[in-house]
Novice: 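Submitted below is the structure of interest, expressed as structure tokens.
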Number of protein chains: 2
Amino acid sequence: METASRRGLRERKKQRTRDALLRAALELFTTKGYEATTVDEIAEAADVSQRTFFRYFAGKEDAVFFVQSLAESHFVEAVRARPAHEAPLEALRQAILEGWDSIGEAVEEIIPTELHLRAYRLIESTPALFATHLRRSAELEEDIARIIADREGLDVDADPRPRVAVAVFGGVMRVTERLWCAGQDITVEALRELTAWHLDAVGPALAEKWRTN
Amino acid sequence: METASRRGLRERKKQRTRDALLRAALELFTTKGYEATTVDEIAEAADVSQRTFFRYFAGKEDAVFFVQSLAESHFVEAVRARPAHEAPLEALRQAILEGWDSIGEAVEEIIPTELHLRAYRLIESTPALFATHLRRSAELEEDIARIIADREGLDVDADPRPRVAVAVFGGVMRVTERLWCAGQDITVEALRELTAWHLDAVGPALAEKWRTN
DNA sequence: AGGCTAGTGACAGTCACTGACAGTTGACAA
DNA sequence: TTGTCAACTGTCAGTGACTGTCACTAGCCT
């Protein structure tokens, strides 16, 4: 934006500092490991004082999830944008399958996609980060449940279906993410395929007899 | 156990120290809050040095989840004990519904149930603890998925159904837990009812048209 | 130009957690 | 019973995440 860059030298400087800290943090985290990286090292790499790091991020974790929150809000918008005639689970499915491309683009503006993917694997392989990731997902699911309830004109507290539907969807997504990260093919296409595969397995998984298949 | 108490004075002393630390920790956590409680306070309340606390628990969190792990292993055993003819989701449902009573009894031997319930609410209301709780649940789900796969003679990595079924179940359980904690009626009966209510909602939640109901 | 204030660095302090070392005390054999 | 061993514990020092404070620099605005 023209206005944003013209909005003073001060703003630009802040943006540059934040970016430098973010890149330095992710770069160090993904190379030497999350726990093994100290805030002092990040600050030094970004050429600021340790205190300044904490003025931009609430903590080490905050730096890791800064980009994630971008992707999350994109997903929320994608769900909101689904046509009202779609069944809830179908809307969620389409939102995630179609949303990944635009998410990727939005992320690219802040940091290289390759770094983002490395960050994702970092989260899955670092217990402390994985825990926080799950908590954030839980919060996201609550938001999505309310959106779904609104779509269908229901009260989230009176009808269990919105929360249950989102919980089912979220559960399947987590299984998918985990497998994707553990696998070789770290591409959006692979993720899309894996997602569809798992979502299609929900019906059969609830069936009485698995042996029939 | 006779053998346990006869197993030397040393063992008994250790047990007493661990119990004292556990009670002191949970008592302080649930009264002044998790973050606001320092390890020094816990150690002082249990009349040992701070260093000793860390010899019994890996960290503050460890104390909180010490009791939880009891309940978890009980659930795993309950699932293992389900008859093979039951459908996977049915087995999980029965295991959790019937397991709570025996879980409660097992917990009672270590700390008062009332303290345990307070601890449960503490976890739900403390972000850091809730995050860890979700991570532990994820690990538990992986274990359960393998058990289910074994029951059905399947390979967890080749067939998505075991993980998906467990993820669905786990997702529903988390919604249930959350609501139970937030509600007024903190009894096992209420939990049982809430669980059944939510599990019964899975089918309808996946349906094409919600309005029909 | 000069005052205002956001942004920063330097410093001190708290708290979770760890390693090292020495003292104490059950366990167990002689 | 006694002496030795190993387990358990306390003390101390140190690291690293995070916070409050304060003085200072540098954009901003009149």
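Lettering follows sequence order; numbering is per chain, from 1.
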Novice: Select one nucleotide: of D:dT19, C:dT18, C:dA27, the one nearest the side-chain heavy atoms of B:Phe54.
Specialist: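 Looking only at side-chain atoms, B:Phe54 lies closest to C:dT18.
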Novice: Does D:dT9 have its OP1 or OP2 closer than 4.0 Å to a side-chain nitrogen or oxygen of B:Tyr56?
Specialist: yes
Novice: Report the distance from atom CD of B:Glu11 to atom C1' of D:dT9, rounded to the nearest whole Å.
Specialist: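 So the CD-C1' distance, B:Glu11 to D:dT9, works out to 16 Å.
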Novice: If you compare every side-chain N and O of A:Thr52 against the phosphate oxygens of C:dG7 (OP1, OP2), does one of them come in below 4.0 Å?
Specialist: no
Novice: Return the value, rounded to whole Å, for the distance between atom CD of B:Gln50 and atom C1' of C:dA16.
Specialist: 8 Å
Novice: For A:Arg16 and C:dT8, what is the distance between atoms CZ and C1' respectively, to the nearest whole Å?
Specialist: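 It is 15 Å, rounded to the nearest whole Å.
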Novice: Ignoring backbone atoms, establish whether B:Lys14 has a side-chain N or O less than 4.0 Å from OP1 or OP2 of D:dC8.
Specialist: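 B:Lys14 to D:dC8 OP1/OP2: side-chain N or O found under 4.0 Å.
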Novice: Is the Lys NZ or Arg CZ of B:Arg178 less than 6.0 Å from the centre of B:Phe130's six-membered ring, within 45° of the axis?
Specialist: yes
Novice: Roughly how many Å is it from CD in B:Glu61 to P in C:dC15, rounded to a whole number?
Specialist: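 Distance check: B:Glu61 CD to C:dC15 P gives 18 Å.
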Novice: What nucleotide, of D:dC28, D:dT11, C:dC17, holds the atom closest to the side chain of B:Lys60?
Specialist: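 Closest nucleotide among those given: C:dC17.
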Novice: Check the surroundings of atom CD in B:Glu44: do more than 12 heavy atoms from other residues, nucleotides or ligands lie under 6.0 Å from it?
Specialist: no
Novice: Of the nucleotides C:dA6, C:dG26, C:dG9, which has the atom closest to the A:Arg10 side chain?
Specialist: C:dA6
Novice: Looking only at heavy atoms, which two atoms of B:Leu154 and B:Pro162 are closest? And how far apart?
Specialist: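 Minimum heavy-atom separation between B:Leu154 and B:Pro162: CD1-CG, 4.3 Å.
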Novice: Whole Å only: how far is the CG atom of B:Asp47 from the C1' atom of D:dG10?
Specialist: 12 Å
Novice: Checking contacts here: which listed nucleotide (D:dT11, C:dC17, C:dG7) is nearest the side-chain heavy atoms of B:Arg55?
Specialist: D:dT11
Novice: Strictly below 4.0 Å: does B:Lys13 bring a side-chain N or O up to OP1 or OP2 of D:dC8?
Specialist: no
Novice: For A:Arg51 and A:Glu35, take the nucleotide of DNA chain D holding the closest heavy atom to each; which residue's nucleotide lies nearer the 5' end?
Specialist: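 Residue closer to the 5' terminus by nearest nucleotide: A:Glu35.
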Novice: Quickly work out the A:Arg18 CZ to C:dT8 P distance and round it to whole Å.
Specialist: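 Answer to the nearest Å: 10 Å.
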Novice: So, for B:Ala201 and A:Arg161, which heavy atoms are closest and what is the spacing to 0.1 Å?
Specialist: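 Looking at all heavy atoms of both residues, the shortest contact is O-CG, 4.1 Å.
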Novice: Would you tell me if any nitrogen or oxygen in the side chain of A:Thr17 comes within less than 4.0 Å of OP1 or OP2 on C:dT8?
Specialist: yes
Novice: If we check salt bridge (charged side-chain N to carboxylate O under 4.0 Å, His left out) with B:Arg136, which of these qualifies: B:Glu72, B:Glu142, B:Glu141?
Specialist: B:Glu72
Novice: What integer distance in Å separates B:Asp40:CG from D:dC12:P?
Specialist: 14 Å
Novice: Rounding to an integer number of Å, can you tell me how far A:Leu21 CG sits from D:dC18 C1'?
Specialist: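 Whole-Å distance recorded here is 15 Å.
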